[in-house]
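Structure first, then comments.
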Amino acid sequence: MKQSKLLIQTLRETPRDADVVSQQLMMRAGMIQKVAAGIYSYLPLAFRSIRKFEEIVREELAKDGCQELLMPAVLPAELWQESGRWKFYGDELLRFCDRKAKAEVAERRKRGETPDERDFYNFCLGPTHEEAVTDIVRKNVRSYKQLPMNLFQVQTKFRDERRPRFGLMRGREFTMKDGYSFHVDDACADRGYWAMFNAYNRIFSRLGVKFRPVEADSGAIGGSFTHEFHVLAGSGEDAILSCDACEYTSNMEKTEAPQLPAGPCGDRIDLKKDHFCTPGVLGQVEQAAGMKDAEHDGMPITQTSKFYLMQAEFQGSPEASKSNPADAGQDKVLLLGVVLRGDHELNPVKVKNLLGATGLELMEIVEAEAFTGAKSGFMGPVPAEGTRFSELRSQVRMLVDRSLEGAVNLTCGANRTDYHHFGLDPKRDLPGCTFADLRMAAEEDLCTRCGKGRYQAFRGIEVGQVFKLGTKYSKSMSCTFLDELGKEHPMVMGCYGIGITRTVAAAVEQNYDADGIIWPWPISPYQVHVVCLDPGSAEVAGVANQVEKDLEDAGFEVLHDDREGLSPGAKFKDADLLGFPLRLTVGAKGLKEGMVELRDRRTKAVVKLRPEAAVAEVSVARDRIMQELETAGGR
RNA sequence: CGGGGCGUGGCGCAGCCUGGUAGCGCAUCUGCUUUGGGAGCAGAGGGUCGGAGGUUCGAAUCCUCUCGCCCCGACCA
């Protein structure tokens, strides 16, 4: 391919609204262009990378007998109503109505009514396709003999993100491989799950990036399990903790936190109210230092506690509504108090999962101050007399991190501004409280799985997820099969996603330097960049063309920079920016000695060679680069 | 959705406060000279200053509204 004919416009300056490296470099390299917030065109170079990654995905899935199909991007509301997600999926689901529904709205307006058009939305752009695929399978699969079955598609998805950002990594429109499996029972679904888990490991290994499969939070769907696949990159949105001794790797949202004892507290004492006068306190550290009395000149932070007032929201029939059946089905709010050791951080996901809540929010600070009667910094789990907290104490569900189970003599906010209690014994002083793992695990915490290693922290970009769905959709949508006895059962399902465009961006996010992108060989738009420095010279151009042809004949993908009138520096800068793994420079200077130069983009190492040796040398370089990828991939 | 910022040729920006014929760099086109890490000179094309309304003799500039985009936060199978 001649670069002079390629649709590409490199930019010397970074577009102002590009906020992450991958977006900056891909925009500067003329690979992507923004069309609207979170919506991009993939220009020819980027599209080549995307298609290459898709092919890797297809090849690996084919090995597991997965079948590719394509479902519509536009889906009818009825399907989503059937699963119940039409109501539960938020505004990320882009909904709209077709001409029929619009005509209906117009008709009603004519009749003097004032219909809300939103009530007439009857289609959406699919952000995921559980309903659509379940509909297909229930219509076409009846017998256990047809199972298991694994169907997937590579498709443009749309999620109307509140705040699209990070270029291709959190866009609204993106390409995703979404796969769904159907099984006769749990054991079969588990086998399907692990088959996909292994396939994903193969896929990301072939991609040539550093990645980790991590245990993730499976959200509100109980009993299911899930792994996310993360490309490791400093700019990643997710925090990952990985044990340095065993295989345990998990999203920090989920990582089990070891139970750490509170500080050496001595013999149990009574709760001494308003014991410490601690005015003008800022954080926990200052607070601990400021706790002084006759015996203490400050407290160890491990003996302090912190307290959060929260509101948990439930949809449908949560535990909170069980006592009052009249409330079942109604959205419900539960008041929550959470107690942690002073130096620990709250993990809201754990709290949510513990309660089965659909939402969790910190109480507004003003509201909390009115509720407890104390300023921020002095609130605690033991209510002060005469406050609303005191009145409603029995309705506040009290949760205590398990590190404080058995702890005594803790300090806590006194619910009186500028004062702290001393001598808190959660078990004694917080009747009805529940002990559980509620805190965020941290780097260097002892691994809960092997008890030997310590957690190491990484940043990751989530590019894939395997998820055991269970029967959520098959039950709500009656996707059933008949077993050997002719008995009907709902199919057990799994779903498996890979963000194609996000993965390509993540690969860039992990592989670049000050000069530009460094593409991993398997998804580089082209493999070899032949840079002709003197296209005006018939001799030099002739050699460059010959080298291009030789390499292409040998099966390499070549972009030939034959552009005239550019200085060598400009061409080199462009080549570095585009970042193909190998650059082959053909110039008058080198040809005087009969030589061209092969340069490795990543190492910048240069070898001189005769033009006739190009194919051989490029092959050697390719083998070396692929070798390096294999050792770099995975752990 | 809350807080903040920005909308001026394809890209990056100045001009706005203090109203008076829209500018710079990059890119593009032409010519000449250059050619191993973003060349030089000369010339050329390209902008309803996000949109609407208002104030004014006159608005990129002042006022009001609106749309879009970006950042921080919240949210995220």
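Note on naming: letters A, B, ... go to the chains in the order of the sequence lines (proteins, then strands), and numbering restarts at 1 for each one.
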Notebook entry, point to check: What's the CD-P distance between A:Glu593 and B:G36, to the nearest Å?
Noted result: 14 Å
Note to self: Distance check, P atoms only: B:U8 and B:G2, in whole angstrom units.
What the structure shows: 25 Å
Notebook entry, point to check: Do A:Asp561 and A:Lys2 meet the salt-bridge criterion of a basic N to acidic O distance under 4.0 Å?
Noted result: no
Check: Distance between the C1' atoms of B:C6 and B:G46, in whole angstroms?
Finding: 24 Å
Notebook entry, point to check: Considering only side-chain heavy atoms of A:Asp19, which listed nucleotide, B:C71, B:C11, B:G38, is closest?
Noted result: B:C71
Check: Which of the following nucleotides, B:C75, B:C69, B:G37, is nearest to the side chain of A:Arg583?
Finding: B:G37
Checklist line | Contacting residues from residues 150-161 of chain A, given that a heavy atom lies under 4.0 angstrom of RNA chain B | finding: A:Arg159
Item checked: Nucleotide B:G10, atom P - distance to CD of A:Gln33 in whole Å -> 12 Å
Notebook entry, point to check: CD of A:Gln9 versus C1' of B:C29: gap in Å, rounded?
Noted result: 13 Å
Checklist line | Pair partner, B:C29 [Watson-Crick or wobble, under 3.5 Å] | finding: B:G43
Next item on the list: Rounded off to whole Å, could you give me the NZ-to-C1' distance for the A:Lys468 and B:A77 pair?
Entry: 17 Å
Next item on the list: Quick one: look up who B:U18 pairs with, Watson-Crick or G-U, both distances under 3.5 Å, and put none if it's unpaired.
Entry: none
Notebook entry, point to check: Starting at CG of A:Leu11 and ending at C1' of B:G38, how long is that distance when rounded to a whole Å?
Noted result: 13 Å
Checklist line | Sidechain N-carboxylate O distance under 4.0 Å for A:Asp19, A:Arg165 | finding: no
Next item on the list: Determine the Euclidean distance between corresponding C1' atoms of B:C72 and B:G45; express it in Å to zero decimal places.
Entry: 42 Å
Next item on the list: With heavy atoms under 4.0 Å as the rule, sort A:Glu92 into base, sugar-phosphate or nothing.
Entry: sugar-phosphate
Checklist line | Complementary nucleotide for B:A59 - Watson-Crick or wobble, under 3.5 Å | finding: none
Notebook entry, point to check: Expressed in angstrom and rounded to an integer, what is the separation of A:Met176 atom CE from B:C76 atom C1'?
Noted result: 14 Å
Item checked: Nucleotide forming a Watson-Crick or wobble pair with B:C49, both distances under 3.5 Å -> none
Note to self: Check this for me, if you would: do A:Asp238 and A:Arg459 make a salt bridge, where the nitrogen-to-carboxylate-oxygen distance has to be below 4.0 angstrom?
What the structure shows: no
Item checked: Sugar-phosphate, base or nothing in reach of A:Lys571, heavy atoms under 4.0 Å -> nothing
Margin query: Can you identify which nucleotide, out of B:G12, B:G38, B:C69, has its nearest atom closest to the A:Arg16 side chain?
Written below: B:G12
Checklist line | A:Asp437/A:Lys350 salt bridge by N-O under 4.0 Å criterion | finding: yes
Check: Hey, does A:Asp534 reach any base, or is it just sugar-phosphate, or nothing, if we go heavy atoms under 4.0 Å?
Finding: sugar-phosphate
Note to self: Whether A:Arg212 engages the ring of A:Phe458 as a cation-pi pair (distance to the six-membered ring centre under 6.0 angstrom, angle to the ring normal within 45°) should be assessed.
What the structure shows: yes
Next item on the list: Output the single nucleotide from B:C69, B:U35, B:C71 whose closest atom is nearest the side chain of A:Pro568.
Entry: B:U35
Notebook entry, point to check: Rounded to the nearest Å, what distance is computed from the CG atom of residue A:Leu566 to the P atom of nucleotide B:U33?
Noted result: 18 Å
Notebook entry, point to check: Would A:Phe580 and A:Trp519 count as a close aromatic pair, with their ring centres under 6.0 Å?
Noted result: no
Margin query: Taking B:A60 as the reference, what is the distance to B:C16 when you measure between their C1' atoms (whole Å, please)?
Written below: 7 Å
Check: Base, sugar-phosphate alone, or nothing: which one does A:Lys608 contact when heavy atoms must sit under 4.0 Å apart?
Finding: nothing
Item checked: Charged N-O contact under 4.0 Å between A:Glu131 and A:Arg85 -> yes
Item checked: A:Phe211 ring center near A:His230 ring center (under 6.0 Å) -> no
Note to self: Taking only side-chain N and O atoms of A:Lys472, does any of them lie within less than 4.0 angstrom of OP1 or OP2 on B:A77?
What the structure shows: no
Note to self: With a 3.5 Å limit on both atom pairs, tell me what B:G12 is paired to, counting Watson-Crick and G-U wobble, or say none.
What the structure shows: B:C24
Item checked: Residue closer to the 5' end of RNA chain B, A:Lys589 versus A:Arg85 (nearest nucleotide) -> A:Lys589
Next item on the list: Output yes when A:Asp574 and A:Arg563 qualify as a salt bridge under the 4.0 Å nitrogen-oxygen rule, no when they do not.
Entry: yes
Next item on the list: Considering only atom C1', compute the distance from B:C75 to B:C1 and round it to an integer number of Å.
Entry: 9 Å
Check: Which base sits across from B:C69 as a Watson-Crick or G-U pair, both distances under 3.5 Å?
Finding: B:G5
Checklist line | A:Lys573 NZ - B:A39 C1' separation (whole Å) | finding: 15 Å
Checklist line | A:Gly497 vs A:Gln23, nearer the 5' end of RNA chain B by closest nucleotide | finding: A:Gln23
Check: Is A:Asp91 touching bases, backbone alone, or none of the nucleic acid, heavy atoms closer than 4.0 Å?
Finding: nothing
Checklist line | side-chain hydrogen bond (donor to acceptor under 3.5 Å, both in side chains) pairs, two or more places apart, involving residues 528-539 of chain A | finding: A:Gln3-A:His529
Item checked: Separation of the C1' atoms in B:G73 and B:A27, to the nearest angstrom -> 38 Å
